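Since the model is a prediction, treat every value here as computed from it, not as a measurement. Note that these values count all heavy atoms, side chains included, but never hydrogens, waters or copies made by symmetry.
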Amino acid sequence: MKRNVLVLALCQALMMSANSLLIAVAALVGASLAPQSDYATLPLAVMFVGTLASTFPASLLMKQIGRRAGFVVGLLAGVFGATLSTLAVVAGHFVGFCVGAALIGVFNAFGQYYRFAAADVASTAYRSRAIAYVMSGGVIAAFLGPNLARLTRDLFTVEFAGSYASLLVLYGLSLALLGLARMPPPGVEERAMPGRPLAVIARRPGFSVAVLVALTGYGVMNLLMTATPLAMHANGHHFGDTAFVIQGHVLAMFAPSFVTGQLIDRFGVGQVMQWGALLAVGAVATNVSGATVSHFWVALALLGVGWNFMFIGATHLLTQTYDAADKAKAQGFNDSLIFTTVAITAFSSGFLYQHVGWRSLNLVVLPWLLAALGALRWLHGRRRAAA
């Protein structure tokens, strides 16, 4: 069990290193290739659309062929996507760059199930910690991704082509690591179990609140994080400062994972998710109060910790709401809704930034966070009444 969790944590680290690299450079590359500045974040949006379109099929496929084989399929899509993106950057081809981003998004759809794979192999008592430990692999990403973007920025004659080529190394290492995992394929009975209809699963109060909190945490984080490089550039900050801020953000997203599981065990999953939403509110307050490098760094650090508490807490809550027969449907439906939100926020981030400004972009997310806090309070009251 612990070896599998370690392998999954390392694979998570490599996937998130690639994604943090992409967050640091994709909008800048998009702005240089796009026919209009409004489309600067379109490649990121397309990547998230690729994730969205593949999330539910990925879950159903892994129910049939197993987790490890599914992860290999996803990584091969990532290899093709990174290759195409590199060639498109060199050729200055915006459409090809977007297609490559979509293929990388397909891999991310499979890679998002690393955390659920950890829940599968862990005992009930160890489940929250297994999920958190896998997510802690992103600590490596906080250092590896942004620094890799900086070091490979001018590796080739075309700026950032080397950054996209470096993704091939990260995906290749993940393929090698999966060879060390011991995750047996599902049995015949598990593959054949149809489970309950999605409408029945979704009506469970814990399920609906878990989904709402997860998509809120991811959507708010993505909306603000995606626009941050553009806002920093507009305020005259250098790319090195942007990489520093993104590095701090990614570290804040994943470093708390070493203790998030213990916090959930001690204080309850609902309390931890509420802390996460309040930290996100603090990030908004910091962003609207100033535009120095320190303001951007503190805001994205608060946003990262808030995302960690909300997302890991929501994942843990979700695993309590379904049976084995419902697992593939429930997980696929959950992540499909999350990445619907992520795709929308990735595209709208650049548009909102260009047309309403940085301050208004931040204020837009406050009602969303308040709705998540209200849902958590409602679930807490319902569970206390039932007890």
Side-chain angles (χ1 to χ4, degrees), residues 1-13 16 67 112-140 142 183 204-218 221 251-280 282 301-324 326-327 330-331 334-335 338 369 372-373 375-387:
M1 179 182 70
K2 291 183 178 179
R3 179 176 63 181
N4 283 332
V5 170
L6 176 60
V7 168
L8 292 166
L10 292 173
C11 287
Q12 177 81 15
M16 293 308 304
R67 294 292 193 191
Q112 288 299 320
Y113 291 103
Y114 287 142
R115 72 191 197 279
F116 285 122
D120 291 345
V121 301
S123 63
T124 302
Y126 192 68
R127 184 174 296 160
S128 63
R129 299 189 185 192
I131 294 169
Y133 288 151
V134 166
M135 297 301 293
S136 72
V139 172
I140 298 173
M183 293 177 284
R204 300 192 69 173
F207 182 89
S208 57
V209 172
V211 171
L212 175 62
V213 173
L215 65 87
T216 298
Y218 231 126
M221 185 272 292
L251 182 62
M253 287 174 66
F254 297 104
S257 300
F258 292 108
V259 298
T260 304
Q262 289 91 325
L263 291 174
I264 290 172
D265 291 341
R266 181 173 179 179
F267 297 103
V269 66
Q271 188 67 45
V272 171
M273 288 190 287
Q274 289 182 63
W275 294 343
L278 291 172
L279 287 170
L302 291 172
L303 190 64
V305 178
W307 172 86
N308 181 281
F309 287 174
M310 295 175 76
F311 190 64
I312 292 179
T315 299
H316 177 70
L317 178 61
L318 190 82
T319 61
Q320 299 174 342
T321 64
Y322 54 74
D323 301 322
D326 302 325
K327 179 174 64 177
Q331 294 175 0
N334 174 72
D335 279 19
I338 290 172
L369 291 168
L373 283 167
L376 287 167
R377 295 304 303 169
W378 170 80
L379 182 63
H380 177 70
R382 184 185 178 95
R383 288 186 165 183
R384 285 190 64 181

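Residues Gln331 and Tyr322 approach most closely at NE2-OH, 2.9 Å, considering heavy atoms. Summarising the geometry of Ala252 relative to Ala301, their closest heavy-atom pair is CB-O, 3.2 Å, with the distance given to 0.1 Å. The two residues Ala372 and Leu212 have their closest heavy-atom pair at CA-CD2, 4.3 Å. Contact between Thr319 and Ala119 at its shortest, heavy atoms only, is CG2-CB, 4.4 Å. Of all the heavy atoms in Ala132 and Ser257, the pair that sits closest is O-CB, 3.0 Å. Pairing each heavy atom of Leu8 with each of Ala118, the nearest pair is CD1-N, 3.6 Å.
Once rounded to the nearest 0.5 Å, the distance linking CE of Met135 with CZ of Phe254 reads 5.0 Å. Taking CG from Asp326 and OG1 from Thr321, the interatomic distance works out to 9.0 Å, rounded to the nearest 0.5 Å. Atoms NE2 and CG, from His380 and Leu376 in turn, are 10.5 Å apart once rounded to the nearest 0.5 Å. Rounding to the nearest 0.5 Å places CZ of Phe309 at 11.0 Å from CD of Gln271. One distance of note links CD of Gln274 with CE of Met310; it measures 10.5 Å at 0.5 Å rounding. Annotation: the span from Asn4 atom CG to Asp120 atom CG amounts to 10.5 Å, rounded to 0.5 Å.
The side-chain contact (heavy atoms from CB on, under 4.5 Å) test with Asn308 is passed by exactly one of Leu279, Thr260, Leu303: Thr260.
In this structure, the side chains of Val305 and Trp275 stay at 4.5 Å or more apart for every pair of heavy atoms. Using a 4.5 Å cut-off on side-chain heavy atoms (C-beta onward), Leu369 and Leu278 make no contact.
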side-chain contact (heavy atoms from CB on, under 4.5 Å) evaluation trace for Phe207 with Leu317: CA-CA 7 Å; Phe207 182 89; Leu317 178 61; over 6 Å; no

Stepwise side-chain contact (heavy atoms from CB on, under 4.5 Å) test for Phe116 and Leu318: CA-CA 10 Å; Phe116 285 122; Leu318 190 82; 3.7 Å; yes

Intermediate values then yes/no, side-chain contact (heavy atoms from CB on, under 4.5 Å), Val272 and Val269: CA-CA 5 Å; Val272 171; Val269 66; 5.8 Å; no

Audit row: Tyr133, Leu6, side-chain contact (heavy atoms from CB on, under 4.5 Å) steps and yes/no: CA-CA 8 Å; Tyr133 288 151; Leu6 176 60; over 6 Å; no

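The aromatic rings of Phe311 and Trp307 sit parallel to each other, their planes meeting at less than 30°, with 60° as the upper class boundary.
Side-chain atoms of Arg115 and Thr315 form a donor-acceptor pair, as typed in the model, at a separation below 3.5 Å.
The backbone N or O of Gly261 sits nowhere less than 3.5 Å from a side-chain atom of Arg129 that would complete a donor-acceptor pair.
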